[in-house]
Amino acid sequence: MSNNLFQDTDSILSEERIFPPTPEMVANANITAYMKSKGFEDYEAFYKWSLDNRFEFWDDMAKELHWFEPWQTTFEWTTKPFFKWFVGGKFNIVYNCLDRYMDTPIRHKVAFHWEGDNGDTRSITYEQLYIETNRMAKGLQNIGVQKGDRVAIYMPAVLEQIVAVLAVARLGAVHTVVFGGFAASALRDRIIDAEAKVVITADGNYRGGKLIQLKHIADEAVSETPTIEKVVVFNHQNLDVPMQKGRDIYWHDLLTDVPVDTVVPCEPMDSEDPLYILYTSGSTGKPKGIVHVQAGYAVGTYATTKFVFDIKDDDVYWCTADVGWVTGHSYIIYGPLMNGVTSVLFEGTPSYPKPDRWWGVAERFNVSILYTSPTGIRGLMRFGEEWPAKHDLSHLRLLGSVGEPINPEAWMWYRHNIGHDTLPIMDTWWQTETGSILISPTIIQPLKPGSATRPLPTIEADVVDKNGNSVGLGKGGFLVIRHPWPSLMRTIYKDPARYQTYWDTLPNVYFAGDAATIDNHGYIRVQGRVDDVIKVSGHRLGSMEIESSLVSHPAVAEVAAIGKPDELKGEHVKVFVILKNGIEPSEELAKELKLHVRTTVGALAVPEELEFTPSLPKTRSGKIMRRVIRARELGEPIGDISTLDS
Ligand code: WTA
């Protein structure tokens, strides 16, 4: 949303509402306990200490996890920006999610309560999750999956999706989860780039009562991929799906002869071995495969889950994201399991069958920590306060938000209607690339509506101008991070040069691609992307992906896609289309083009607005100037930010 980039700065900087924590929150917080163990009573002093002693902080966090062999060097700069953490250690994240609890009381605790789209429920303990993960690891071994192999996971939000992820990582193989809402060609491109050997999918699933034919989509994708040897199909809905002999195998058939006492020991991995590849949209080109590694990623997600969500033994934690996005990886699976908490996994949608579905889920499972998105909140706000009011939400004690800027109005509604006017809201800023939350309050800090507040301990965030100089308090500019952190991506799969641009754009800092303001208290408010990434309902899309989809249609010559502000979704997509010579614009063609995006990328990328145009502004070298188009569309000045991504 670079559109209103520095324009509403004044109103944001003058946000005067401040919500301090209660003394009880401060006294009982996990972060307070850690501060005290380091001899600090005061958060400011502690934060300053953490900047000077970041390796001590991260060593402390790492020591709370299990290592097959300890690390020798906490951090290595040598091949900047290809940083390394916990070098020399032997580690497996899955051991820390499951195995280490098998001789503790957590063994019998519920790991996940699951609720299906149709209302079915199922709960699984840590022990059961351990058993199923071991069995699946064995099943995958039996079809040839080995350390380092890539396995694609294209599944709905069922417990088996989590088992699949953990089983792959247990073997030291690399998972690449593809969001179940993506279309066949999006799945195909990811499988091809990752050179995945196996894809794990399901027959199909319902979301909001609508059937998604996952197996059919997977078949279409796999027919064009050279590397897939096996397709494992979880029978979720008893759909009659075609099974290709020799290639396809049902999940239950894979496990028939695998007894419940099967143990496949966790592969002891080097700290820096890859854990997963997750594809995300960039400003140019095809989606990039963000690579996260075993140990640093684990330490980062473990520590942030513990401090930001302040996880306690008796909490029930619910993150409403999908496992297909990074939020699901870090804060549905890995962070919560490493903290031994009971979580909720929900397959459905917020307002199906009625607008109180989410609040019903929260009530049924006595959810105490809720982590969701601004779009989710805004979407439910419009149905009115009577829907949450029907439910007993008294177990809630902490709220979170992620994925896009939360407007102060939605923040206040969330606090008032869901948070009984008292609960703290953790507005967490981070990215697929950062692996874990970097800017967020903890439960002991004063909050301001619409602000992710301040960087977490050891994180040095700043707002700078285009030369990389701090703008100083009370101003706006580009958000940067000054020092690497453990869960930072290590590279872009098969494209290290593209990874390097994050550290090359501005001198010596990590350039996040976001605009932000910093107020007189040092509170940061992230405003949105300054590149060609569009955030629709918090989902990350690239202008280029939508454009390439449309130019693959025979009627289309050229396209420009931009994001426009949207009250509900944060942003929506508008495309400008130049048709090929001799083709006439029509309502029907517009519909057909939208459908084309749906079937090639996925429903989330469908443009809300489509305008036929005879020409588009271009640079001398022929590059379409999206920024100019957007400024024109929104009646705004272009400003000088265009230099950054030219
Ligand atoms: C945006 C999602 C404002 C931002 C975890 C970032 C946010 C992009 C916030 C990354 C927030 C995420 N406030 N904006 N609390 N959290 N963003 O990779 O533009 O899907 O660069 O990761 O989301 O999106 P991604």
Side-chain angles (χ1 to χ4, degrees), residues 1-5 12 177 179 181 277-283 287-290 292 300-301 304-305 308 319-332 334-335 371-378 399-408 410-411 414 425-441 447-456 461 463 476 478-481 487-489 492 502 505 510-518 523-542 545 563 565 569-571 604 645:
M1 266 203 297
S2 46
N3 32 62
N4 51 6
L5 194 57
I12 287 153
V177 180
F179 172 58
I277 305 170
L278 182 59
Y279 287 85
T280 190
S281 301
S283 47
K288 39 193 175 184
I290 304 296
H292 282 293
T301 50
T304 48
T305 305
V308 173
C319 168
T320 65
D322 189 281
V323 168
W325 310 114
V326 75
T327 306
H329 284 60
S330 299
Y331 299 110
I332 293 179
Y334 290 119
Y371 188 31
T372 189
S373 69
T375 290
I377 297 158
R378 287 190 297 258
L399 305 174
S401 171
V402 63
E404 48 179 323
I406 179 163
N407 46 314
W411 195 99
Y414 193 25
I425 300 175
M426 305 296 121
D427 177 3
T428 63
W429 177 88
W430 59 296
Q431 310 178 294
T432 309
E433 294 89 335
T434 71
S436 63
I437 300 167
L438 297 189
I439 304 175
S440 165
L447 308 171
K448 289 189 189 187
S451 170
T453 75
R454 312 254 315 263
L456 289 174
V463 179
F478 303 112
L479 181 63
V480 298
I481 312 289
S487 67
L488 167 68
M489 66 175 151
I492 308 251
Y502 287 83
T505 307
Y510 172 87
F511 175 62
D514 280 324
T517 57
I518 184 158
Y523 273 45
I524 292 170
R525 194 208 195 249
V526 181
Q527 293 175 293
R529 305 288 307 192
V530 293
D531 53 12
D532 291 314
V533 167
I534 307 172
K535 274 278 178 161
V536 179
S537 304
H539 300 324
R540 188 164 156 178
L541 295 168
E545 279 164 273
K569 302 174 177 175
E571 284 188 288
L604 71 169
D645 63 352

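Numbers for residues simply follow the sequence, beginning at 1. Whatever order the structure lists them in is the order used to number ligands and atoms, beginning at 1.
- Residues satisfying the side chain to side chain contact (heavy atoms under 4.5 Å, CB included) criterion with Thr305, sequence neighbours excluded, are Phe309, Ile311, Tyr331, Pro336, Asn339.
- Listed by chain and number, the residues in a side chain to side chain contact (heavy atoms under 4.5 Å, CB included) with Pro287 are Arg190, Tyr279, Glu545 (sequence neighbours excluded).
- Classification of the His539-Phe179 ring pair by plane angle, with boundaries at 30° and 60°, yields tilted.
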Please step through side chain to side chain contact (heavy atoms under 4.5 Å, CB included) for the pair Val533 and Leu541, ending with a clear verdict. CA-CA 6 Å; Val533 167; Leu541 295 168; over 6 Å; no
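- Taking the centre of each ring, Phe511 and Tyr502 stay at or above the 6.0 Å mark.
- Within 4.0 Å of ligand 1, heavy atoms belong to protein residues Val326, Thr327, Val402, Gly403, Glu404, Pro405, Asp427, Thr428, Trp429, Trp430, Gln431, Thr432, Asp514, Val526, Arg529, Lys535, Arg540.
- Partners of Ser440 under the side chain to side chain contact (heavy atoms under 4.5 Å, CB included) rule, at least two apart in sequence or in another chain, are Val308, Met426, Thr428, Ile437, Leu456.
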